[in-house]
Amino acid sequence: MIRKLIHRVFGARAAKPAPAAPAPEGPALIQAARHGVHRERISSGARRTVETLQQHGYKAYVVGGAVRDLLAGIPPKDYDVATDATPEQVRQCFRRARLIGRRFQIVHVLMGAETIEVATFRAPHDEDTQTDAHGRVLRDNVFGTHAEDAARRDFTANALYYDPVAETIVDFHHGVADIEQKTLRMIGDPLTRYREDPVRMLRAVRLAAKLGLTIDPEARRPIRDLAPLLENVPPARLFDEMLKLLSSGHALRCLKQLREEGLHHGVLPLLDVVLEQPLGQRFVVLALENTDQRVREGKGISPGFLFATLLWHQTLARWKKIEAAGERPIPALFQAMDEVLDAQSEKLAITRRVAGDIKDIWALQPRFEQRSGKRPYALLEHERFRAGWDFLQLRSAAGEIDREITDWWEAFLAADGDERAALLQPPRADEAKKRRRRRRKPAAGAPAAPVAD
Ligand code: ATP
Ligand code: MG
């Protein structure tokens, strides 16, 4: 039956079969009656991009994640288009388009509020491809045929090409059937493909969790042994991938699966921290449930907040240790923050902006305990108050701090002028003493107290 629907359309072009996964019988051309994806479900920007390229005589398809997600019944996050036009030719087809990237050139086509990423078909790797000592591919920028482009993609579900004009899917590797059978299958030899790019191990886990697919045993088996290869991946790439994983709407499921695949231990310090901290377990689970919920409701999530939650318990433990060794509370917190973030940055390039957000959220925490004088008012004015407050509520829900503190802040936030003033607590004895001392003699050279704005 399915065979009847198979047409050899690109067989002739695939003159040089890809070493990773030859597709000897050519691709299947699957009609809408069978796959059920109608053009109305594609964003108008992606549709117009493909139509324009086709009108100029090029091949063009919506490709990758968007087609996969549509088949799985999930609204696509964004749209990628693959074409046989070169980046320069693509640019010339559109009024608003710009070339991006130097080594791996793609074109961003701007359609209204949408940005469509258009890439030229790429060739698979060959003997000349530059790799590192472990087989990781370093350069990947040779144009190829449609069949070659399909063969260099990672999973069969990701190698589907949808033509919104004809409403057909070009399927070189039985991706449609695999999605139907809820299987995530690697194109080619999984061992080789993971060596070329170890991030594919993380992608396997993320996509399986997101789409409710089972990783094919062949693709699953090597992961445990190859996990250490992740150490050679540039930290910026790992940060991007972890962020994708954590903001997939299935972060909790992803992390559990990472643990099952043996991808947590000694590979990424972040995962060690997140998955192996008995004390913080409840807090992390609550944080991730919260994040997943937000993503599914279409609300934004802040990477800073996310990483702040994941690394909080490590910071807390360090903080208490440094304090126990004799340091004052606030400098001890700041030292702990730096140590924890420095340890992460060896493997995971948390961007400077995100690191700044994380620190802000953490540094605000002790300030919520101060509920006298002008301090609560100053805290309200802080530009990160909202994030700090959400974080505090999470700690409270996890039973980590006294409920009384969040109750007080809730009341303070709901109150107005006089009511607010009435809620203020008398200065604590140590604070009153400090204030008197300060009045007598300004503390020259004292470290800037983070409690003061
Ligand atoms: P999502 O957008 O949901 O994160 P995606 O599969 O679309 O998932 P992208 O990073 O947007 O992920 O990649 C687009 C497409 O590029 C993929 O569907 C796949 O065909 C291909 N691709 C991405 N990363 C790799 C990789 N590491 N190896 C091989 N092909 C890849
Ligand atoms: Mg994508």
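Read the numbers this way: they start at 1 and go in the same order the structure lists the ligands and their atoms. Sequential numbering from 1 along the given sequence is applied to the chain's residues. Only heavy atoms go into these numbers, but all of them, side chains included; no hydrogens, no water, no symmetry mates.
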Subset of ligand 1 atoms that lie under 4.0 Å from at least one heavy atom of G64: 18 (O)
For atom 8 (O) of ligand 1, closest protein heavy-atom neighbour: R68 NH2, 3.4 Å
Test of proximity, D154 against ligand 1: N or O pairs below 3.5 Å: yes
Shortest protein contact, atom 16 (O) of ligand 1 (heavy atom only): R153 NH1, 3.4 Å
F239-F307 aromatic ring centre distance below 6.0 Å: yes
Contact atoms of ligand 1, heavy-atom distance to K210 under 4.0 Å: 3 (O)
Would you be so kind as to tabulate the donor-acceptor pairs closer than 3.5 Å made by side chains of residues 221-230, with sequence neighbours excluded?
unit_1, atom_1, unit_2, atom_2, d
R224, NH2, E260, O, 2.3

Check: F155 ring centre within less than 6.0 Å of H173 ring centre: no
Residue among W312, F334, W362 satisfying side-chain contact (heavy atoms from CB on, under 4.5 Å) with W319: W312
Atom 14 (C) of ligand 1: the protein heavy-atom neighbour that sits closest, reported with distance to 0.1 Å: D80 OD2, 3.5 Å
Distance from atom 12 (O) of ligand 1 to nearest protein heavy atom, with residue and atom: R203 NH1, 3.2 Å
Check: F368 ring centroid to F385 ring centroid under 6.0 Å: yes
Under the side chain to side chain contact (heavy atoms under 4.5 Å, CB included) test, residues paired with E383 that sit two or more places apart: none
Ligand 1 N/O within reach of R200 N/O, cut-off under 3.5 Å: yes
N or O contact, G65 vs ligand 1, cut-off under 3.5 Å: yes
